[in-house]
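Here's the structure we're looking at; comments come further down.
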Amino acid sequence: MSTIQRGRPWPLGSAITERGVNFSLAAPGAYRVELLLYARADAPQPERIIDLGLEHRSGDYWHVEVEGLQAGCCYGYRVFGPLEPGGHGFRPAKVLLDPCARAIAGWEVYRREAATGASPNTDCCLKAVVCERDSFDFQAHPRPHHSWNRSVIYELHVGGFTRRGDSGVAPDRRGTLRGVIDKLPYLKDLGVTAIELLPIQAFDPQDAPAGRDNVWGYSPLSWFAPHHGYIEGDDPLQARAQVRELVAACHDNGLEVLLDVVYNHTTEGNRHGPTLSWRGCGDRLYYHQNSKGDYLDVSGCGNSIAANRPLTRQLILESMRCWAIELGVDGFRFDLGIALSRGEGLQPLDHPPLFEAIEADPLLSDLKLVSEPWDCGGLYRLSDFPAQRIGAWNGRFRDDLRSFWKGDDNSTWKLGQRLRGSPDLNGGRPLALGRSVNFITAHDGFTLMDLVSFNGKHNLANGEDNRDGENHNSSWNHGVEGPSTDHAVLALRRRQQRNLITSLLLSRGVPMLLMGDEVGRSQGGNNNSWCQDSPLSWMIWGDDHCDRHLQGYVRRLLRLRQQLADLINPQQPIGEMPQRRSSDPDQLWRQWHGVELGKPDWASWSHCLAVSLQRGSRGAVLWAGFNSYFKAMHFDLPQPTSPWHRLIDTALPPGDDLPQQPEVWTPAGVPLEARSLVVMVAREMLGSLRL
């Protein structure tokens with residue numbers, strides 16, 4: 001039998017040593033811990049149980065070194081301590097997953113329901129797997145380090161991205177991390193600079209209504225281990241290697257990798273949920289509770305992580321270092337991230353300890369960090385998000401751009417604010433570069449195609465009688481609910497897709513695109529496809545499904561954005577009038593217009609707006625007009641520095657709407673068809689544009 005040593009409290013989890021493996025677990029309220037060693041992943045009983053007494057305790061940590069063990073060893077814990085009235089406390093009948101497990105096995109025997117109640121789950125529990133902790137090879141595959149000003153994010157679901165048979169991916173690689181590698185040429189050609197992956201940290205597919213699976217992954221089971229469902233093959237030791245393969249391939253193709261991470265709650269749910277990991281190690285440590293022991297919930301998922309507490313904060317930081325340093329990812333998007341700023345009693349904190357620790361950590365200093373600025377408890381902090389280096393999803397941008405192009409009243413002034421970088425949300429100054437991620441659509445809600453095809457959600461396939469999903473979508477079907485053969489309806493929908501995506505990509509801020517919006521992907525009006533692992537939620541690839549004209553338009557538009565990046569940089573100061581005393585005669589300034597020059601109509605009934613960028617007193621170099629009215633409008637054009645060329649006109653047929661060689665425009669004005677957008681550029685700028 002292998003000899004055991006006292007071991008060390010650091011590092012957390014399991015770590016290979018010269019003699020074997022060191023194990024360390026945080027369980028401050030426990031009075032005894034058992035380490036269970038298994039001969040194989042599906043073993044119903046442990047091969048050996050090692051009792052950790054007080055001699056194996058240092059402060060809040062229980063630790064032991066077991067000689068002779070190596071990578072691939074499967075293990076779990078039983079943690080003993082007081083069980084309080086109401087069910088809070090320790091449940092030693094449950095075999096627990098190490099919260100720091102970097103690999104997980106036992107999925108073939110796992111049963112979620114066995115982790116609830118008081119009965120043992122020994123024969124159907126998940127096991128942690130000992131594995132390496134090597135660092136990512138940044139020398140061979142350095143981070144692309146795109147500036148925020150030139151960043152375009154593409155949000156995708158790893159499983160759904162390549163699941164279809166016509167994806168061009170080999171059958172055994174479909175729906176996997178390696179499948180995404182096979183489609184990187186597509187993403188690179190499209191022109192995005194970063195992919196944002198819906199959760200790939202291990203989650204519980206069984207955390208869903210009967211007969212359905214949790215597909216999106218916002219049900220974390222581990223903050224360290226990659227999700228087994230995205231791995232080619234069934235070897236848990238290959239999971240980390242395949243994550244590194246994807247990140248390395250992305251870096252080699254100039255793409256950054258951002259992870260959507262869920263640190264605000266876990267899959268253990270409320271007090272009636274399963275005891276899988278965190279709860280069994282420290283029920284009152286990891287979760288916000290009131291004085292009666294009831295769980296406090298601002299996640300909408302039954303529990304809320306107490307990120308303000310030192311041990312919890314340490315675990316989250318260690319998780320981020322694992323993914324950033326060991327696996328090489330370039331940044332994180334925090335799901336319901338503002339929930340992590342709450343202190344005891346869920347009180348909002350202006351200086352959240354977790355965010356302060358993240359910003360002070362040199363190992364995390366060169367990452368891109370983004371967060372949702374809201375939670376389900378009503379907290380919403382956008383411009384005043386309590387962290388300097390963390391940007392926020394700008395939900396106001398989404399809502400106001402949708403409202404304008406839908407033709408709502410009181411939407412024109414808001415459009416102007418979003419185009420300028422949302423100064424109305426930030427005390428009159430545009431949100432700083434990297435502080436605002438602009439989007440029209442995301443995984444949670446309608447796709448772009450469905451946004452212009454449905455008035456209401458159609459979520460019956462989810463099995464909740466259409467009660468789930470967002471009710472307020474600011475969508476419009478343009479005359480027919482869902483699919484249509486009416487040529488006028490289809491033409492208007494195509495135009496509106498271009499209006500929305502052009503407004504997004506030419507606004508000041510960092511844009512994010514949703515998987516498949518560039519080819520007209522529809523989910524049949526389902527705006528909450530979290531449990532749909534089916535063609536309903538998968539990426540489309542074949543010519544019979546894809547709008548190739550829209551794809552080409554978006555590709556050219558992304559190239560245009562990169563070439564105009566300096567003009568739409570929120571940090572580039574652009575005033576509303578010429579600076580007469582400026583030493584730079586080419587100083588840019590912005591002028592707003594209506595159908596007449598210099599006369600913008602900000603009234604509640606207005607549906608038209610134009611804006612030009614002027615170069616000193618020489619004239620305009622760029623002009624954009626927006627018409628969401630149901631009638632055509634004629635706009636006067638300002639005097640350009642050199643002849644105007646019509647760059648974009650969303651009312652024109654595909655191919656002419658954003659041509660590779662824009663036509664010269666000599667009239668003093670320009671007509672904008674109903675619900676259309678036009679962009680003009682001066683010849684002096686056109687010479688440097690390559691579409």
Side-chain angles (χ1 to χ4, degrees), residues 136-138 140-146 150-198 200 230-232 241-260 327-331 368 443 447-448 501 505 511-521 535 537-563 565 654-655 658 660 690-691:
F136 183 82
D137 189 352
F138 289 106
H141 312 282
R143 299 191 192 278
H145 280 307
H146 295 296
R150 297 186 178 275
S151 295
V152 178
I153 300 170
Y154 186 92
E155 187 194 45
L156 67 86
H157 181 271
V158 167
F161 192 55
T162 61
R163 191 78 74 190
R164 284 183 181 269
D166 59 359
S167 65
V169 174
D172 57 347
R173 293 168 70 98
R174 292 174 192 160
T176 69
L177 296 164
R178 285 176 170 168
V180 176
I181 294 175
D182 294 341
K183 305 307 294 186
L184 291 183
Y186 170 85
L187 294 170
K188 185 176 181 181
D189 178 67
L190 185 63
V192 299
T193 67
I195 57 174
E196 181 174 302
L197 306 179
L198 267 64
I200 64 169
Y230 298 150
I231 305 304
E232 184 183 359
Q242 292 183 28
V243 172
R244 290 191 184 106
E245 285 181 36
L246 172 59
V247 175
C250 285
H251 288 184
D252 294 347
N253 281 276
L255 294 170
E256 294 174 311
V257 181
L258 312 182
L259 294 191
D260 196 335
L327 303 180
V329 304
D330 304 290
K368 282 186 166 69
H443 68 276
T447 67
L448 184 64
I501 210 162
L505 291 177
M512 184 185 77
L513 301 172
L514 171 63
M515 175 184 84
D517 276 356
E518 75 280 6
V519 289
R521 184 177 71 91
S537 64
W538 295 346
M539 177 63 175
I540 56 177
W541 295 103
D543 289 340
D544 53 339
H545 295 107
C546 294
D547 183 343
R548 296 301 184 195
H549 291 301
L550 178 60
Q551 180 183 354
Y553 180 90
V554 174
R555 184 189 299 115
R556 294 193 298 275
L557 189 59
L558 284 169
R559 292 174 183 169
L560 175 64
R561 178 185 168 83
Q562 292 296 340
Q563 296 173 74
L658 178 50
Q660 292 186 336
R690 296 291 182 271
L691 304 179

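Since this is a predicted model, take the numbers as computed values, not measurements.
- Residues Leu187 and Phe161 form a side-chain contact, since some pair of their non-hydrogen atoms from C-beta on lies under 4.5 Å apart.
- The minimum heavy-atom distance linking Arg521 with Ser537 is given by the pair NH1-O, 3.3 Å.
- Side-chain atoms of Arg559 and Gln562 include no donor-acceptor pair closer than 3.5 Å.
- Expressed to the nearest 0.5 Å, how far CD1 of Ile153 lies from CG of Leu513 amounts to 9.5 Å.
- Remark: Ile200 CD1 to His157 NE2 distance equals 11.0 Å, nearest 0.5 Å.
- Listed for the His251 side chain is a donor-acceptor partner under 3.5 Å among the backbone atoms of His141.
- When the salt bridge (charged side-chain N to carboxylate O under 4.0 Å, His left out) test is applied to Asp547, no partner is found at least two apart in sequence or on another chain.
- The heavy-atom pair separating Leu658 from Arg556 by the smallest distance is O-NE, 2.6 Å.
- Of all heavy-atom pairs spanning Val152 and Leu558, the tightest one is CG1-CD2, 3.7 Å.
- Without hydrogens or angle criteria, Arg143 side chain to Val329 main chain gives a donor-acceptor distance under 3.5 Å.
- Put simply, the side chain of Asn253 gets close to the backbone of Ala249: a donor and an acceptor are under 3.5 Å apart.
- Residue Leu557 holds its CG atom at 12.0 Å from CZ of Arg555, rounded to the nearest 0.5 Å.
- Note that the CD atom of Gln551 and the CG atom of Asp517 stand 12.5 Å from one another [nearest 0.5 Å].
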Worksheet item: Stepwise, does the side chain to side chain contact (heavy atoms under 4.5 Å, CB included) test hold for Leu156 with Leu197?
Response: CA-CA 5 Å; Leu156 67 86; Leu197 306 179; 3.6 Å; yes
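- Between the side chain of Lys183 and the backbone N or O of Ser167, at least one donor-acceptor pair lies under 3.5 Å.
- Applying the side-chain contact (heavy atoms from CB on, under 4.5 Å) criterion to His146, with sequence neighbours excluded, gives Pro144, Ser151, Thr193, Glu256, Lys368.
- When every heavy atom of Tyr154 is checked against every heavy atom of Met515, the shortest pair comes out as OH-CA, 3.4 Å.
- With hydrogens and angles disregarded, a donor-acceptor distance shorter than 3.5 Å links the side chain of Asp330 to the backbone of Val257.
- At least one donor-acceptor pair closer than 3.5 Å links the side chain of Arg173 to the backbone N or O of Arg178.
- In terms of modelled atom types and a separation under 3.5 Å, the side chain of Arg163 and the main chain of Trp538 share no donor-acceptor contact.
- The backbone N or O of Met539 lies less than 3.5 Å from a partner atom in the side chain of Arg164, making a donor-acceptor pair.
- Counting all heavy atoms, side chain and backbone alike, Leu184 lies closest to Leu255 at CD2-CD1, 3.9 Å.
- Rounded to the nearest 0.5 Å, atoms CG (Leu177) and OG1 (Thr162) are 9.5 Å apart.
- Put simply, the side chain of Glu155 gets close to the backbone of His443: a donor and an acceptor are under 3.5 Å apart.
- When all heavy atoms of Ile501 and Leu448 are compared, the pair lying nearest together is CD1-CD2, 4.3 Å.
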